[in-house]
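This is the structure, below, for whatever I ask next.
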Amino acid sequence: MLTGQAEIYAKSWERGTYGAATEDGLTQQETPLLETFIKNLHWYQQSRGDYVLRVLEAGAGSGDHSIRLAREGFFVDANELTEVATRRIRRRGHQLLPCSLQSRLRTVQGDITEHLGQRAAESLAGFYANSVLHTFSAEERLSLYKAVHNIQPQGGLLAISFKAQGDTVQGRGEVLEKTNAGDIVRDCLGISRLFVEDPAPLIDELLRVGYSHLGTNRWDVERYIAKKDYPDGVRKFIGFLAEKE
């Protein structure tokens, strides 16, 4: 069983409508959440001496952020559901990473929750998911958080982001449900997303699993390239950084 709206995204990959129009550079290499995540990973790494941390990115897309994390010196597992996506990540890794760092990036194909259940305890220092979990139900999010928590050492980091209220896509879809965190809206492609208005319920989900909330970031993207068949407009995001207690 696939988590979230993975099947719809898989079809988009197969049709060639997902990802940047060109692959000649890192088109989305920075967000405030990613920068905070990297900074905290380095602090955690320093506390463990020369130990090289392993990080997993769920729903890595074209691999921009996984490649950035590998450049920072971490071992990175970039997860995507389809072979089309993982092949693109591998190709871009070879194009954009120096030879000395290419072995630090590997792809993991398949459903993310299923993959997490196969990993060993304390095998993952950092978990990262950018603009992914807003397509998960509350039950699916809790299941994923528990799976990540089970395989992290104490102090392990989790960084996740959601679409936020006021995003262009929100205003062009059908409201399916109003939740304490925000509206769930179905877009023209049939993808249902949470658009976060109140972050408190989402932070509470992390606390219930055993994470402490380290900080919240908000940011806008004027030109969002992930989906080529969406209308232009500002995309709004909110992200949370948490630490395993």
Side-chain angles (χ1 to χ4, degrees), residues 3-6 8-9 12-13 18-20 25-41 54-72 74 76-82 85-86 88-89 92-93 96 105 107-108 111-113 115-116 124-136 140-141 144-145 148 156-164 167-170 181-182 191 193-196 199 202-203 205-206 211 213-228 230 234-242:
T3 308
Q5 311 287 299
I8 300 176
Y9 279 100
S12 184
W13 274 107
Y18 195 93
L26 292 178
T27 54
Q28 291 181 335
Q29 60 181 316
E30 295 182 2
T31 73
L33 179 65
L34 179 61
E35 300 311 307
T36 302
F37 182 53
I38 289 171
K39 180 172 67 176
N40 279 267
L41 282 171
R54 183 164 291 280
V55 178
L56 170 65
E57 181 181 6
S62 294
D64 292 354
H65 292 182
S66 286
I67 291 169
R68 170 69 190 286
L69 287 162
R71 283 186 179 276
E72 292 288 334
F74 308 117
V76 183
D77 294 331
N79 161 257
E80 266 293 350
L81 183 64
T82 69
T86 53
R88 174 180 287 185
I89 294 169
R92 298 190 77 220
L96 299 170
L105 175 67
T107 56
V108 175
D111 183 78
I112 183 57
T113 304
H115 171 71
L116 289 167
L124 191 67
F127 177 85
Y128 180 79
N130 179 56
S131 190
V132 174
L133 300 188
H134 54 257
T135 67
F136 285 26
E140 288 173 328
R141 291 195 300 271
L144 181 136
Y145 298 154
V148 175
L157 296 166
L158 179 145
I160 52 175
S161 71
F162 298 77
K163 286 294 185 69
D167 185 284
T168 297
V169 175
Q170 180 183 6
I191 298 173
R193 298 178 179 83
L194 169 66
F195 290 87
V196 178
L202 298 177
I203 295 171
E205 290 177 356
L206 296 170
Y211 285 97
H213 173 233
L214 299 182
T216 299
N217 296 103
R218 293 179 181 269
W219 68 97
D220 294 350
V221 176
E222 297 292 333
R223 182 174 176 270
Y224 191 60
I225 54 81
K227 289 284 293 172
K228 289 183 278 188
Y230 274 174
V234 175
R235 306 298 196 258
K236 291 183 174 291
F237 297 90
I238 183 169
F240 308 103
L241 181 68

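Below, each value reflects all heavy atoms present in this structure, side chains not excepted, and no hydrogens, waters or symmetry copies. Sequence positions, counted from 1, serve as the residue numbers for this chain.
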Where Leu105 and Gly93 come nearest, the two heavy atoms and their spacing:
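Here Leu105 and Gly93 meet closest at CD2-CA, 3.9 Å.
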What distance do His134 atom NE2 and Leu202 atom CG have between them, rounded to the nearest 0.5 Å?
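Reported value, rounded in 0.5 Å steps: 12.0 Å.
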Chi angles and distances behind the side-chain contact (heavy atoms from CB on, under 4.5 Å) call for Val196, Lys236:
CA-CA 10 Å; Val196 178; Lys236 291 183 174 291; over 6 Å; no
Among Leu56, Leu69, Ile67, which residue satisfies the side-chain contact (heavy atoms from CB on, under 4.5 Å) criterion with Val76?
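Checked Leu56, Leu69, Ile67 against Val76; only one passes side-chain contact (heavy atoms from CB on, under 4.5 Å): Leu69.
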Could you grab the distance from atom OG1 of Thr31 to atom CZ of Phe237, nearest 0.5 Å is fine?
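Rounded to the nearest 0.5 Å, the OG1-CZ separation comes out at 9.0 Å.
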Considering all heavy atoms, the nearest Leu206-Ala242 contact:
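For Leu206 and Ala242, the tightest heavy-atom pair comes out as CD1-CB, 4.1 Å.
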Derivation and outcome, side-chain contact (heavy atoms from CB on, under 4.5 Å), residues Ile191 and Val169
CA-CA 11 Å; Ile191 298 173; Val169 175; over 6 Å; no
Could you tell me which non-hydrogen atom of Phe127 sits nearest to which non-hydrogen atom of Ala58, and how far apart they are?
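That closest heavy-atom pairing would be CZ-CB, 3.7 Å.
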Leu133 CG to Ile160 CD1 distance, which is reported to the nearest 0.5 Å
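Interatomic distance, Leu133 CG to Ile160 CD1, rounded to 0.5 Å: 5.5 Å.
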What is the minimum heavy-atom distance between Arg92 and Ser62, and which atoms define it?
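Where Arg92 meets Ser62 most closely, the heavy atoms are NH1-O, 3.1 Å.
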Do the side chain of Asn79 and the main chain of Val108 share a donor and acceptor less than 3.5 angstrom apart?
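Checking the backbone N and O of Val108 against the side chain of Asn79, a donor-acceptor pair under 3.5 Å is found.
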Between His213 and Pro199, is any pair of side-chain heavy atoms under 4.5 Å apart?
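When only atoms from C-beta onward are counted, Pro199 and His213 do not touch, as no gap falls below 4.5 Å.
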Could you go through the side-chain contact (heavy atoms from CB on, under 4.5 Å) check for Phe74 and Arg54 one step at a time?
CA-CA 6 Å; Phe74 308 117; Arg54 183 164 291 280; over 6 Å; no
Quick check: does any side chain N or O of Glu80 sit under 3.5 Å from a backbone N or O of Ala85, one acting as donor and the other as acceptor?
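It does not hold such a pair.
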Check Ala60 against Ile89 and note the closest heavy-atom contact, atom names and distance.
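Closest approach of Ala60 to Ile89, heavy atoms only: CB-CD1, 3.9 Å.
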Any chance the rings of Tyr128 and Phe37 have centres within less than 6.0 Å?
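Yes, the ring centres sit under 6.0 Å apart.
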Salt bridge Glu72-Arg68, side-chain N to carboxylate O under 4.0 Å:
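Salt bridge: yes.
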Are any side-chain N or O atoms of Thr107 and backbone N or O atoms of Ala78, one a donor and one an acceptor, separated by less than 3.5 Å?
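Flag not set: sc Thr107 to bb Ala78 has no pair under 3.5 Å.
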Step by step, work out the side-chain contact (heavy atoms from CB on, under 4.5 Å) result for Leu194 and Lys163.
CA-CA 7 Å; Leu194 169 66; Lys163 286 294 185 69; over 6 Å; no
For the pair Arg235 (side chain) and Val221 (backbone), establish whether a donor and an acceptor sit closer than 3.5 Å, ignoring hydrogens and angles.
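Not confirmed, Arg235 side chain does not pair with Val221 backbone.
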Would you name the heavy atoms of Ala159 and Leu241 that are closest together and state the gap between them?
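Closest approach of Ala159 to Leu241: CB-CD1, 3.9 Å.
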How long is the span from the CD1 atom in Ile38 to the CZ atom in Arg71, to the nearest 0.5 Å?
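Those atoms lie 11.5 Å apart.
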Enter the distance from Leu157:CG to Leu124:CG here, rounded to the nearest 0.5 Å.
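Output value for this atom pair is 10.0 Å.
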Taking Ser131's backbone N and O only, do any of them form a donor-acceptor pair with Ser161's side chain (distance below 3.5 Å, no angle check)?
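Checked: pair present.
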Spatial distance of atom OG1 (Thr86) from atom CZ (Arg88) [nearest 0.5 Å]
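Answer for the OG1-CZ pair, Thr86 versus Arg88, is 11.0 Å.
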